[in-house]
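A short worksheet on the structure shown next.
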There are 2 protein chains.
Amino acid sequence: MTDPTNPPKIRDVARLAGVSVATVSRALSNPAIVSEQARIAVEKAVAETGYTVNLMARNLRQQQVGAVLALVPNLANPFFSEILAGISDTLRAEGLSLLVLDTLRTDPDTPNGGIRSYLSRSRADGVIVLDGTLDPALFAHGSCPPLVQACEWIEGLAGPRVLADNETGARLAIEHLLGLGHRDIVHLTGPAKNTLSISRAAGVDAALATAGLPPAHRLEGAFTLSSGRAAAEALLARTPRPTAVFCDNDEMAIGLMAGLRAEGLDVPRDFSIVGFDNIEMSAYASVPLTTIRQKRAHLGRCAAERLLAQRTAPTPDETLILPVELVIRDSTAKRV
Amino acid sequence: MTDPTNPPKIRDVARLAGVSVATVSRALSNPAIVSEQARIAVEKAVAETGYTVNLMARNLRQQQVGAVLALVPNLANPFFSEILAGISDTLRAEGLSLLVLDTLRTDPDTPNGGIRSYLSRSRADGVIVLDGTLDPALFAHGSCPPLVQACEWIEGLAGPRVLADNETGARLAIEHLLGLGHRDIVHLTGPAKNTLSISRAAGVDAALATAGLPPAHRLEGAFTLSSGRAAAEALLARTPRPTAVFCDNDEMAIGLMAGLRAEGLDVPRDFSIVGFDNIEMSAYASVPLTTIRQKRAHLGRCAAERLLAQRTAPTPDETLILPVELVIRDSTAKRV
DNA sequence: TTGTATGCGTTATCAC
DNA sequence: GTGATAACGCATACAA
């Protein structure tokens with residue numbers, strides 16, 4: 001019956017149902033175009049044999065893979081994994097699989113870490129790029145599948161983008177701090193060349209300019225807890241001492257708070273702090289964090305939908321900007 | 001030359017190199033068995049055409065997929081995503097792809113959430129199961145790929161297992177608390193039927209028994225921050241009031257600390273708390289958390305290696321237990 | 001060492 | 001509405 005080593009083929013089903021393989025194929029993929037009689041016979045035979053289509057054969061025939069590849073900078077980072085969860089949602093609804101490649105854990109011996117070999121139409125029907133630091137040349141060849149950039153983006157790389165409204169998010173954060181009376185605000189950024197940090201810096205400075213203030217001082221971090229903690233020292237070294245910090249993500253904000261606490265300083269009394277992302281942990285920090293909410297799973301879903309849309313009609317390279325919002329908690333207070 | 005819509009086939013390379021397709025195939029997959037001359041001609045032709053093998057065709061021919069599926073309970077949970085990162089490492093080294101399926105975000109209309117359709121030899125060469133709550137029947141059919149269980153496990157499901165030493169971890173935590181003078185220790189568990197919680201409970205009670213104490217009181221959580229916070233209330237309702245809590249993961253521990261802080265209680269003065277996992281955030285909590293370190297990426301790598309080992313020799317269903325260790329920080333102190 | 005020919009399991013085209 | 005059959009692109013048994 002169901003032999004592990006020798007699964008039933010479509011031929012077996014055809015024989016058992018007393019029809020041709022073509023009819024079985026049709027009955028399975030488009031039941032409407034076969035006779036009731038044939039359909040029932042096929043269904044019965046399928047049930048009896050336990051037949052399931054061989055996807056490799058189908059994919060070869062149809063010239064598609066049935067999977068989408070996500071290029072993520074750091075799989076272990078909850079920020080990205082929640083976007084992946086959203087991508088996974090949308091793909092599953094379409095019967096597609098999600099392939100994941102961690103671009104951080106890259107092969108040091110190979111140029112571009114061997115990512116290139118995954119960027120082939122025979123490996124994935126589409127690619128969602130979540131890493132803004134990749135070499136655009138990686139994608140500049142004919143066999144690269146259609147692609148969408150999400151969250152971060154790569155200068156000089158074509159394709160639709162799905163982004164959070166980074167500039168507005170930064171503006172909301174700064175306006176909130178300004179409203180509380182803060183004037184000397186430091187911007188703790190990600191890596192200097194990171195596209196997110198750059199666009200947020202623009203939002204920061206725009207908000208400051210509107211208030212008639214000069215651009216913010218910047219401290220460069222790395223989106224990590226430890227870089228946030230390390231920033232505490234640099235922050236305290238500044239004179240005059242700033243009264244507020246806008247951090248490019250919540251993890252740095254939490255790290256920073258730990259660093260300040262270690263120095264005996266109090267948030268929000270000594271420093272008001274705003275984060276970005278609204279990761280779940282932020283509400284549970286020693287001082288619940290004021291932050292910018294970004295709907296990560298939704299962003300992932302949008303990116304996947306965008307990619308799937310390209311299957312039918314090659315869409316123009318539009319950029320989709322998703323709204324963000326300010327979440328006020330306890331880490332910000334009026335300047336004393 | 002390189003036409004996006006019509007990628008070069010092995011035939012084109014063969015023609016250009018002046019050899020047969022068989023020779024090209026051999027030159028690419030096993031260069032040692034072709035003549036130097038042929039090899040060079042092929043290499044040249046490959047470079048000229050920009051040829052890359054079509055993996056769908058190769059896979060069909062070789063009856064393999066070139067990908068491993070990971071079944072993860074919650075992609076958005078950093079605990080699992082770091083295991084995935086480890087799995088990804090090992091797979092990449094073997095040229096395999098990682099397919100990810102979030103079993104939480106399941107299709108409510110289909111029994112078993114449509115997971116079954118992914119469990120086919122034509123979709124993956126192997127499966128790594130990280131979700132202990134799945135129905136074992138899902139895997140009980142001939143076309144299910146070889147499988148390894150990691151981290152959690154499913155009773156009644158065969159296959160090698162790669163687990164952390166949960167029992168020892170629990171014992172270390174309890175012994176640490178006992179050594180600090182605590183006697184009334186509560187165990188904040190995951191869902192009652194979770195295999196991790198059950199084995200840790202055994203470790204907890206064993207350690208208590210050795211000290212001549214009765215089994216611990218248990219509070220059921222859900223491995224989430226919010227369930228940890230919610231546990232604060234239940235904890236305070238107990239009389240006599242316990243002096244220490246062992247939590248089945250760090251997130252609950254952090255949630256619990258937030259809940260206790262909200263009630264004006266101090267850790268470790270009023271309660272000593274031990275977590276499990278040593279997530280990165282634990283070192284940055286308001287009170288740095290004493291916890292049990294579990295090497296998650298390593299666990300993922302081991303699981304993947306185990307799976308790959310099955311490709312050659314069908315190994316017996318051994319269980320691999322990975323060591324854990326106690327990390328002492330500030331959330332535990334001598335009972336006053 | 002190399003080439004020829006067949007098969008991997010399906011779907012799609014074409015006649016009927 | 002159905003059946004025979006040619007692709008899909010590659011790897012390998014076999015013959016040379």
Side-chain angles (χ1 to χ4, degrees), chain A residues 3 5-43 45-46 49-66 95 117 120-125 142-143, chain B residues 3 5-43 45-46 49-66 95 117 120-125 142-143:
Chain A
D3 178 357
T5 67
N6 188 21
K9 332 278 177 210
I10 198 171
R11 252 202 317 274
D12 305 321
V13 177
R15 239 190 314 259
L16 193 62
V19 297
S20 72
V21 293
T23 298
V24 175
S25 177
R26 284 189 280 250
L28 291 174
S29 59
N30 193 355
I33 63 169
V34 306
S35 67
E36 174 104 2
Q37 178 189 350
R39 192 173 50 69
I40 293 176
V42 168
E43 280 171 0
V46 165
T49 56
Y51 170 79
T52 57
V53 307
N54 182 316
L55 288 171
M56 294 178 295
R58 167 183 285 177
N59 289 340
L60 174 60
R61 179 59 228 240
Q62 306 196 142
Q63 296 291 73
Q64 51 139 38
V65 184
S117 67
S120 152
R121 281 196 151 84
S122 77
R123 291 199 89 140
D125 296 324
S143 68
Chain B
D3 178 358
T5 66
N6 189 22
K9 331 277 178 213
I10 199 170
R11 254 201 318 274
D12 304 320
V13 177
R15 243 192 306 265
L16 192 63
V19 297
S20 73
V21 293
T23 299
V24 176
S25 176
R26 286 188 278 249
L28 292 173
S29 58
N30 194 356
I33 63 168
V34 304
S35 68
E36 175 105 3
Q37 177 188 352
R39 191 173 51 68
I40 293 178
V42 168
E43 279 171 1
V46 165
T49 55
Y51 169 79
T52 56
V53 305
N54 182 314
L55 288 171
M56 293 178 296
R58 168 182 284 178
N59 289 340
L60 173 61
R61 178 58 227 244
Q62 305 196 145
Q63 295 291 73
Q64 50 139 39
V65 185
S117 67
S120 151
R121 281 195 151 83
S122 78
R123 291 199 89 142
D125 295 325
S143 68

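Lettering of chains follows the sequences in order, A, B, ..., and the numbering in each one begins at 1.
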> Hey, mind stepping through B:Val19 and B:Val24 against side-chain contact (heavy atoms from CB on, under 4.5 Å) and telling me if it holds?
Replying inline: CA-CA 7 Å; B:Val19 297; B:Val24 176; 3.7 Å; yes
>> Evaluate B:Met56 against A:Gln63 for side-chain contact (heavy atoms from CB on, under 4.5 Å), listing each step before the verdict.
In response: CA-CA 8 Å; B:Met56 293 178 296; A:Gln63 296 291 73; 4.1 Å; yes
> Could you go step by step and tell me if B:Arg26 and B:Thr23 meet the side-chain contact (heavy atoms from CB on, under 4.5 Å) rule?
Replying inline: CA-CA 5 Å; B:Arg26 286 188 278 249; B:Thr23 299; 4.1 Å; yes
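If you check C:dT2, D:dT2, D:dG9 against the side chain of B:Ala38, the one that comes closest is C:dT2. Checking D:dC10, D:dC8, C:dT10 against every side-chain atom of A:Leu60, the shortest atom distance belongs to D:dC8.
Each of B:Arg39 and B:Arg61 was assigned the nucleotide of DNA chain C with the nearest heavy atom; the assignment lying further toward the 5' end belongs to B:Arg39. Between A:Val21 and A:Ile33, the one whose closest nucleotide on DNA chain D sits nearer the 5' end is A:Ile33.
Judged as a side-chain hydrogen bond (donor to acceptor under 3.5 Å, both in side chains), and not counting sequence neighbours, B:Thr52 has no contacts.
Rounded to an integer number of Å, the gap from NZ of A:Lys9 to P of C:dC8 is 8 Å. Atom P of nucleotide C:dT6 and atom CD of B:Gln63 are separated by 20 Å, given to the nearest angstrom. The distance between atom CD of B:Gln64 and atom P of C:dG7, rounded to the nearest whole Å, is 21 Å. Spacing between atom CG of A:Asn54 and atom P of D:dC8 amounts to 19 Å, rounded to whole angstrom units. Atom CE in A:Met56 sits roughly 13 Å away from atom P in C:dT11 (whole-Å rounding). Separating the CG atom of B:Asn6 from the P atom of D:dC8 is a distance of 10 Å, rounded to the nearest angstrom. Taking atom CD of A:Glu36 as the reference point, atom C1' of D:dT2 lies 17 Å away to the nearest angstrom. With rounding to whole Å, B:Gln62 atom CD is found 18 Å from C:dG7 atom P.
In terms of phosphate contacts, B:Gln37 brings no side-chain nitrogen or oxygen within less than 4.0 Å of OP1 or OP2 of C:dT2. Between A:Ser35 and the phosphate of D:dT2, there is a side-chain N or O to OP1/OP2 separation shorter than 4.0 Å.
Listed in residue order, the members of residues 22-32 of chain A having a heavy atom less than 4.0 Å from DNA chain D are A:Ala22, A:Thr23, A:Arg26. Within residues 10-20 of chain A, the residues having any heavy atom closer than 4.0 Å to DNA chain C are, in order of number, A:Ile10.
Of the possible donor and acceptor atoms, one in the side chain of A:Ser122 sits under 3.5 Å from a partner among the backbone N and O of B:Leu55. Between the side chain of B:Arg123 and the backbone N or O of B:Val65 there is no donor-acceptor pair closer than 3.5 Å.
Considering only heavy atoms from C-beta on, A:Val46 stays 4.5 Å or farther from A:Glu43 through its side chain.
One finds no salt bridge joining A:Lys9 and A:Asp12 here, because no Lys/Arg side-chain nitrogen approaches an Asp/Glu carboxylate oxygen to under 4.0 Å.
Across every non-hydrogen atom of A:Ala27 and A:Pro31, the tightest pair is O-CG, 3.4 Å.
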